[in-house]
Amino acid sequence: MTTIADRLANAHLRIAQAAQISSRDSEEIKLLAVSKTKPISQILAAYHAGQRLFGENYVQEGELKIIELRPSCPDIEWHFIGPLQSNKTKIIAEHFDWMHTLSREKIAKRLNDQRPEALMPLKVCIQVNISAEQSKSGIPPQELMSLARVINALPRIELRGLMAIPTATDDIAIQRREFAQMKVLFDQLRNVYPSVDTLSMGMSNDLEIAIDAGTTMVRIGTAIFGSRN
Ligand SMILES: *Cc1c(COP(=O)(O)O)cnc(C)c1O
């Protein structure tokens, strides 16, 4: 039987191998362990194997896990990566360290207003709708720079980069094209805002393609914790 520690080690190996093939330094690529729907015991297993960055998709589930684990694991960095309704922003502002799915000015302002003074500014990535599917969340690429300007002027949130969930497809050409488009946008943003250092893209099935395209943070769930119901 493989353990979470084994699967985590294997994920690091995949990242290292992909980085080498793409002539990149694997130190530039962070691993976010996506623990949505998984119990505290599995988060602790990954934590004891050295993992420190965890991603959650559901507001209340994430809040409960953070409250339970903060005292014993104060060095976990918690990332919110799910869709967010404007009436739930306070929970994100009060508990999480990072928010990857920001795509509306109204939500940015609420997070800024609700971030407690005692905490560091909330680190945010703007989610870009790179697949141009009607149903997908994220901002259209042509609106990115105006949202970035708004966020940059808000003192309690810090613009750190971009996030994308590309088209669900096995077509590698489409995956490569969308990741490459994200890299272009990321470089444009980084040229304007020195705080920008994070390109959040790549999951269990496409992390090698994302690394080749220049990702700096892969979000891995299934490959570490197993499949979800
Ligand atoms: C669930 C999820 C992941 C992890 O996906 P896996 O295929 O399980 O690695 C990454 N990013 C987001 C936004 C997710 O919702």
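In listed order, ligands and their atoms are each counted from 1. For the numbers below, each heavy atom of this structure counts, side chains included, while hydrogens, waters and symmetry mates do not.
Here's the thing with Gly221: one of its N/O atoms is less than 3.5 angstrom from an N/O atom of ligand 1.
Taking all atoms of both residues into account, the shortest heavy-atom contact from Asn112 to Arg156 is OD1-N, 2.7 Å.
Looking at atom 8 (O) of ligand 1, its nearest protein heavy atom turns out to be Thr222 OG1, 2.5 Å. Of the protein's heavy atoms, Ser204 OG, 2.5 Å lies nearest to atom 9 (O) of ligand 1. At the top of the distance list for atom 1 (C) of ligand 1, counting protein heavy atoms only, stands Lys36 NZ, 1.4 Å. At the top of the distance list for atom 11 (N) of ligand 1, counting protein heavy atoms only, stands Arg219 NE, 2.8 Å. Shortest contact from atom 10 (C) of ligand 1 to any protein heavy atom: Met203 SD, 3.1 Å.
Proximity of Arg228 to ligand 1, defined as any heavy-atom pair under 4.0 Å, is confined to the side chain (atoms from C-beta onward). Neither the backbone nor the side chain of His79 has a heavy atom within less than 4.0 Å of ligand 1. Only the side chain of Asn57 comes within contact range of ligand 1, with a heavy atom under 4.0 Å; no backbone atom does. Neither the backbone nor the side chain of Asn205 has any atom closer than 4.0 Å to an atom of ligand 1 (non-hydrogen atoms only).
Of all the atoms in ligand 1, the ones that sit under 4.0 Å from a non-hydrogen atom of Ile81 are 11 (N), 12 (C), 13 (C), 14 (C). Residue contact check: Ile220 has heavy atoms under 4.0 Å from atoms 9 (O) of ligand 1. When each atom of ligand 1 is checked for a heavy atom of Met163 under 4.0 Å away, the hits are 13 (C). The ligand atoms of ligand 1 that sit less than 4.0 angstrom from a heavy atom of Ile165 are 13 (C).
The cationic atom of Arg7 (NZ for Lys, CZ for Arg) does not lie both less than 6.0 Å from the six-membered ring centre of Phe225 and within 45° of the ring axis.
Side chain of Arg110 to backbone of Ser86: a donor-acceptor contact under 3.5 angstrom is found. With hydrogens and angles ignored, the 3.5 Å screen pairs a side-chain donor or acceptor of Thr215 with a backbone N or O of Met201. A donor-acceptor pair under 3.5 Å is absent between the side-chain atoms of Arg228 and the main chain of Gly221, judged by distance alone.
Annotation: side chain of Leu8 is in contact with side chain of His12 (closest heavy-atom distance under 4.5 Å).
A salt bridge between Glu63 and Lys65 is absent, with no side-chain N of the basic residue lying under 4.0 Å from a carboxylate O of the acidic one. Between Arg160 and Asp197, at least one side-chain N (NZ, or NE/NH1/NH2) sits under 4.0 Å from a carboxylate O, which counts as a salt bridge.
Taking the six-membered ring where the residue is Trp, Phe80 and Phe96 present perpendicular rings, their angle passing 60° and hence far from 30°.
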